[in-house]
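We use all heavy atoms of the structure for the numbers below, so side chains are in, but hydrogens, waters and symmetry mates are not. Since the structure is predicted, the reported quantities are computational estimates derived from the model, not experimental observations.
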Amino acid sequence: MATKRKILLVEDDADLRQELAEQLDLHDEFEATQAATAAEGIEAVKADHLDLVLMDVGLPDMDGREAVKIMRRNGFRGPVIMLTGQDSDADTILGLEAGANDYVAKPVRFAVLLARVRAQLRSHEASEDAIFSIGPYTFRPGAKMLVTEKNAKIRLTEKETAILRYLYRAGSSVVGRETLLQEVWGYNSGVTTHTLETHVYRLRQKIEADPSNARLLVTEAGGYKLVP
């Protein structure tokens with residue numbers, strides 16, 4: 001099972017919010033949290049690592065676009081998809097200027113929303129701004145570093161970053177050595193699994209409390225996996 005992506009749903013229509021949250025939760029890849037007001041949404045983004053926000057435009061306490069501006073000022077880098085009742089170009093432009101990434105018009109067709117959510121997450125995870133949690137670390141692949149809970153930075157090489165990124169995407173599935181070699185070094189590199197094992201060894205020296213007894217980057221039959 002892959003690591004779940006946390007999605008915050010900010011919507012004041014309780015029935016719609018509940019329905020969308022339940023539909024998202026039916027997919028193993030997502031974990032939905034809910035907020036009924038802009039203020040609750042802004043606090044939720046501060047309090048927890050969230051992967052994506054679905055933001056209603058017409059909230060009781062604040063325009064959703066203003067809430068997005070505040071979230072962006074507070075440092076939230078993840079994708080934001082606006083849910084809007086007014087499907088006009090002017091609204092779309094205002095939302096995108098506020099820092100939203102995409103728009104879905106109401107009434108929401110879930111298949112469309114799901115496709116947009118997945119597309120935004122894919123694009124974000126490939127970007128420089130992406131941030132992931134791995135064990136006690138915050139992983140910033142764009143900056144090639146892990147940050148500890150005490151804010152110490154661990155620098156990673158390009159290959160170490162690529163290994164961690166690929167294993168993170170695989171969730172708790174084991175990734176075979178050959179697959180990892182091809183993904184990180186490319187098909188025609190002529191690099192052997194010994195090179196991969198050397199990189200994994202060095203990576204463990206950096207990230208494991210006891211490198212000889214790995215708890216985060218573990219060896220399984222035929223390959224490796226990350227234990228979150």
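A salt bridge links D102 to R116: at least one charged side-chain nitrogen sits closer than 4.0 Å to a carboxylate oxygen.
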Take V191 and L196, measure what side-chain contact (heavy atoms from CB on, under 4.5 Å) needs, and give me the verdict at the end. CA-CA 8 Å; V191 172; L196 172 63; over 6 Å; no
Working for side-chain contact (heavy atoms from CB on, under 4.5 Å), residues Y137 and L216: CA-CA 10 Å; Y137 303 108; L216 266 183; 3.6 Å; yes
Would you sort out whether D56 and V10 count as a side-chain contact (heavy atoms from CB on, under 4.5 Å), showing the intermediate values? CA-CA 6 Å; D56 184 27; V10 188; 5.8 Å; no
Kindly indicate, with the supporting measurements, whether the criterion side-chain contact (heavy atoms from CB on, under 4.5 Å) is fulfilled by M82 and R65. CA-CA 8 Å; M82 307 295 294; R65 290 167 295 217; 3.6 Å; yes
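A214 approaches E208 most closely through the heavy-atom pair CB-OE2, 3.4 Å. Residue T37 comes nearest to P60 through the heavy atom pair CG2-CG, 4.3 Å, listed as atom of the first residue, atom of the second, then distance. The two residues V68 and A100 come nearest to each other via the heavy atoms CG1-N, 3.9 Å. Pairing each heavy atom of M62 with each of A67, the nearest pair is SD-N, 3.6 Å.
Judged by distance alone, with hydrogens and angles left aside, the side-chain atoms of Q34 form no donor-acceptor pair with the main-chain N or O of A21 at under 3.5 Å. Under the 3.5 Å distance criterion, the side-chain polar atoms of E40 are matched with a main-chain donor or acceptor of A36. Side-chain atoms of T198 come within 3.5 Å of backbone atoms of H194 as a donor-acceptor pair (strictly under, hydrogens ignored). Between the side chain of S123 and the backbone N or O of A119 there is no donor-acceptor pair closer than 3.5 Å. For the pair Q23 (side chain) and F110 (backbone), a donor-acceptor distance under 3.5 Å is absent. Between the side chain of D51 and the backbone N or O of K6, at least one donor-acceptor pair lies under 3.5 Å. Proximity of a side-chain donor or acceptor of R155 to a complementary backbone N or O of K144 within less than 3.5 Å is not detected. The closest donor-acceptor contact from the side chain of E160 to the backbone of T157 lies under 3.5 Å. Side-chain atoms of D25 come within 3.5 Å of backbone atoms of A32 as a donor-acceptor pair (strictly under, hydrogens ignored). A donor-acceptor pair is defined here as one N or O able to donate and one able to accept, closer than 3.5 Å; such a pair exists between the side chain of N101 and the backbone of V80.
The side chain to side chain contact (heavy atoms under 4.5 Å, CB included) test with T33 is passed by exactly one of I7, L50, L9: L50.
In this structure, R215 and N213 have side chains that are in contact, with non-hydrogen atoms separated by less than 4.5 Å. Side chains of Y166 and L180 form a contact here, defined as non-hydrogen atoms less than 4.5 Å apart. With a 4.5 Å cut-off on side-chain heavy atoms, V112 and V108 do not count as touching. At least one side-chain heavy atom of L52 sits less than 4.5 Å from a side-chain heavy atom of Q120. Taking 4.5 Å as the limit, every side-chain heavy atom of I163 sits out of range of all side-chain heavy atoms of L156. The closest side-chain heavy-atom distance from K4 to F30 is not below 4.5 Å. At least one side-chain heavy atom of M71 sits less than 4.5 Å from a side-chain heavy atom of M55.
A side-chain hydrogen bond (donor to acceptor under 3.5 Å, both in side chains) check over residues 7-16, counting only residues at least two apart or in different chains, returns the pairs E11-K106.
In the displayed structure, R118 atom CZ is contacted under 6.0 Å by more than 12 heavy atoms of other residues, nucleotides or ligands. The number of heavy atoms from other shown groups lying within 6.0 Å of CD (E158) does not exceed 12.
Of the N and O atoms on the side chains of E178 and Q182, not one donor lies less than 3.5 Å from an acceptor on the other residue. Of the N and O atoms on the side chains of R204 and T219, at least one donor lies less than 3.5 Å from an acceptor on the other residue.
One hydrophobic cluster holds both I42 and V57 under the rule that ILVMFWY side chains link at heavy-atom gaps under 4.5 Å.
Taking the six-membered ring for Trp and thresholds of 30 and 60 degrees, Y168 and F132 have ring planes inclined between 30 and 60 degrees apart.
Because its NZ or CZ atom is not both nearer than 6.0 Å to the ring centre of F139 and within 45° of the ring axis, R165 does not count as a cation-pi partner of that residue.
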